[in-house]
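Scroll down for the structure; my scribbles are underneath it.
Below, chain A is the first sequence line, B the second, and so on; all start at residue 1. These numbers were taken from a predicted model, which means no experiment stands behind them.
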2 protein chains.
Amino acid sequence: MKTRDRILHVSLLLFNEEGEAQQTAVDISNALGISPGNLYYHFKGKDAIIRGLFDSFEEEMRIILRGSRGRVTSIEDNWVYLYIILEEIYDFRFFYRNLGVLLDRYPDLANRFRSLVAEQRTTIHNVLDDLRDAEALSIDPRLMEVLTDQMMMTLTFWLEADSMNRNNLDGAALIHKTVFQVMCLIVPYMGENGMDALSRMIAHYEASRT
Amino acid sequence: MKTRDRILHVSLLLFNEEGEAQQTAVDISNALGISPGNLYYHFKGKDAIIRGLFDSFEEEMRIILRGSRGRVTSIEDNWVYLYIILEEIYDFRFFYRNLGVLLDRYPDLANRFRSLVAEQRTTIHNVLDDLRDAEALSIDPRLMEVLTDQMMMTLTFWLEADSMNRNNLDGAALIHKTVFQVMCLIVPYMGENGMDALSRMIAHYEASRT
DNA sequence: GTCTATAAGTAGATAGAC
DNA sequence: GTCTATCTACTTATAGAC
């Protein structure tokens with residue numbers, strides 16, 4: 001593994017586990033067992049590392065988003081698809097832990113992030129349209145934008161929201177809970193099947209917690 | 001106005017407008033036209049100022065929350081009550097702009113914040129109960145917790161969510177939009193009146209934007 | 001590519017005069 | 001209460017040897 005890749009790999013671990021703000025360039029070089037000078041040879045600074053990590057995240061997320069085209073046609077598909085998105089976000093969770101700071105500090109990155117969020121929103125919107133076409137959902141058109149916004153909000157701030165609670169969940173449990181939370185947003189639009197689907201989801205959710 | 005109060009007042013303005021992270025102790029003293037030494041005479045540092053500001057926010061918010069007891073018995077009441085909460089948050093919006101950082105940096109403040117959020121959640125839950133008792137809402141009990149979480153998420157992250165958009169709204173418009181967003185969360189549970197209420201809300205919302 | 005050593009810059013904090 | 005001056009601590013960034 002090349003030093004450049006090792007830097008990205010270890011930085012991601014440190015950022016995710018300890019928080020991005022807490023890690024200095026020297027901390028990262030220590031964790032790698034290399035000198036700060038060497039780190040600077042590969043990356044001009046911490047911001048360059050972060051940009052490198054965002055490159056990976058952006059690429060992977062765009063692949064996931066584009067992979068949904070016409071493939072999510074049932075409530076179960078939707079459940080699985082949410083899982084995939086949330087797991088990708090979890091892999092790069094330090095970005096989402098304090099979005100505000102990062103966007104303030106790196107304006108160029110802020111634009112790329114906003115653009116990615118916009119594509120995410122479009123994808124969610126399309127998925128809802130597909131589910132409506134497949135008659136899995138019946139949504140008042142006037143509520144579509146609001147519902148999309150609400151789903152986006154949950155998909156973007158679930159990690160920060162969890163840190164508001166005293167007893168934080170581990171990753172897998174939190175992802176599961178969040179999928180459930182998002183699915184519940186569309187339960188009222190599932191018509192007759194809504195309550196059944198809800199019961200199955202709750203059973204599934206409760207079972208996974210034991 | 002005493003220097004101590006002027007410090008709190010000007011700091012709040014600076015934090016809200018320019019961001020908390022961007023302001024150093026020296027910046028604040030410059031804005032006040034006093035020396036850094038004098039600032040340190042009144043507050044041991046920026047964290048002491050932030051604590052002082054949180055004291056005010058916490059006190060005001062708890063009064064608002066406790067003021068709701070049994071007083072929110074209609075959809076219209078709920079609309080107004082959301083307004084009051086959102087406006088209070090907006091006054092101290094720098095806390096919500098990057099919650100993650102603040103909670104990391106000041107663990108004691110994090111506990112107080114979590115406790116306040118918990119009381120907020122209880123209040124929202126009680127209000128929903130009251131609305132159900134008043135037969136303004138009809139909610140499946142299994143969805144109550146999820147709905148409460150969803151409302152809390154919106155009330156906590158609306159400011160950060162707005163900064164994800166390219167064209168940010170001004171304060172009044174954003175508050176209005178957010179009230180609308182939260183109200184739409186309960187539209188599916190209004191029964192027969194839901195669609196009527198939605199139409200009225202949309203009319204009201206559109207009218208306010210022109 | 002990698003190291004050591006060090007410069008340069010910044011924020012936080014205090015001492016002592018007025 | 002308020003000031004000036006200074007000190008400490010920490011982080012980023014670079015220079016030059018190996």
Side-chain angles (χ1 to χ4, degrees), chain A residues 1-55 94-95 97-98 100-110, chain B residues 1-55 94-95 97-98 100-110:
Chain A
M1 204 175 192
K2 298 227 182 297
T3 301
R4 197 194 133 87
D5 294 327
R6 285 182 59 225
I7 292 173
L8 288 174
H9 184 244
V10 169
S11 296
L12 180 57
L13 284 178
L14 284 176
F15 291 165
N16 278 343
E17 294 308 315
E18 316 287 340
E20 180 268 341
Q22 282 70 40
Q23 307 303 313
T24 71
V26 176
D27 291 331
I28 296 170
S29 59
N30 282 345
L32 282 156
I34 65 173
S35 70
N38 191 10
L39 184 71
Y40 269 85
Y41 171 78
H42 290 283
F43 291 94
K44 278 181 195 164
K46 215 172 70 168
D47 34 337
I49 296 177
I50 290 173
R51 264 174 258 276
L53 289 171
F54 188 76
D55 288 341
F94 83 91
F95 281 123
R97 280 287 292 277
N98 24 33
V101 200
L102 278 157
L103 302 201
D104 277 358
R105 199 135 39 99
Y106 312 113
D108 59 321
L109 222 136
Chain B
M1 202 177 192
K2 297 226 182 293
T3 301
R4 198 194 133 85
D5 293 326
R6 284 183 58 225
I7 292 172
L8 287 174
H9 184 245
V10 169
S11 297
L12 180 58
L13 284 178
L14 284 177
F15 292 165
N16 278 344
E17 295 307 315
E18 315 288 339
E20 180 268 340
Q22 282 72 40
Q23 306 303 314
T24 71
V26 177
D27 290 331
I28 297 169
S29 59
N30 282 345
L32 282 155
I34 67 174
S35 70
N38 191 11
L39 184 71
Y40 269 85
Y41 171 80
H42 290 283
F43 292 94
K44 279 179 195 166
K46 214 172 71 168
D47 36 336
I49 297 177
I50 290 174
R51 265 175 256 277
L53 289 172
F54 188 77
D55 288 342
F94 82 93
F95 281 123
R97 278 287 294 278
N98 24 32
V101 200
L102 278 157
L103 302 201
D104 278 358
R105 198 135 40 99
Y106 311 113
D108 60 321
L109 221 136

- Query: Is a side-chain N or O of B/K44 found less than 3.5 angstrom from the main chain of B/I49, in a donor-acceptor match?
  - Reply: no
- Query: In whole angstrom, what separates A/L39's CG from C/dT4's P?
  - Reply: 14 Å
- Inspect the contact between B/R51 and B/D47 and indicate whether a charged nitrogen and a carboxylate oxygen are less than 4.0 angstrom apart. yes
- With a 3.5 Å cut-off and no angle check, do the side chains of B/D27 and B/T24 form a donor-acceptor pair? yes
- Please work out which of the three classes, parallel, tilted or perpendicular, describes the rings of A/F94 and A/F15, given edges at 30° and 60°. tilted
- Item | Closest contact, heavy atoms only, B/V10 versus B/A31 | CG1-CB, 4.0 Å
- Note on the structure: A/L32 CG to C/dG1 P, in whole Å, measures 15 Å
- Task: Without swapping roles, check the side chain of B/R97 against the backbone of B/G19 for a donor-acceptor pair under 3.5 Å.
- Result: no
- Going 5' to 3' through nucleotides 12-18 of chain C and flagging B where a protein heavy-atom sits under 4.0 Å of the base, S where only the sugar-phosphate is that close, and - otherwise, we get SBB----
- Spacing of B/I34 atom CD1 relative to D/dT4 atom P, expressed in whole Å: 11 Å
- Item | A/K46 side chain vs A/Q23 backbone, donor-acceptor pair below 3.5 Å | yes
- Protein-nucleotide distance (B/Y41, atom OH; D/dT2, atom P), rounded to Å: 8 Å
- For B/N38 and D/dC3, is the shortest distance between a side-chain N/O and OP1 or OP2 below 4.0 Å? yes
- Item | Closest contact, heavy atoms only, A/E18 versus A/Q22 | O-OE1, 3.1 Å
- Query: In dot-bracket notation, what is the pairing pattern of DNA chain C, taking Watson-Crick (N1-N3 plus N6-O4 or O6-N4) and G-U wobble (N1-O2 and O6-N3) contacts under 3.5 Å, with [ ] crossing and | for other strands?
  - Reply: |||||||||||.||||||
- Item | Euclidean distance, atom CZ of residue B/R6 to atom P of D/dG1 [Å, nearest integer] | 14 Å
- Message: How many whole angstroms separate atom CZ of B/F43 from atom P of C/dA11?
- Response: 21 Å
- Find the distance A/I50:CD1 to D/dT12:C1' and express it as a whole number of Å. 14 Å
- With sequence neighbours left out, write down each residue that passes ring pair (Phe, Tyr, Trp, His ring centres under 6.0 Å) with A/F43, or none if nothing qualifies. none
- Query: For A/I49 and D/dA13, what is the distance between atoms CD1 and P respectively, to the nearest whole Å?
  - Reply: 11 Å
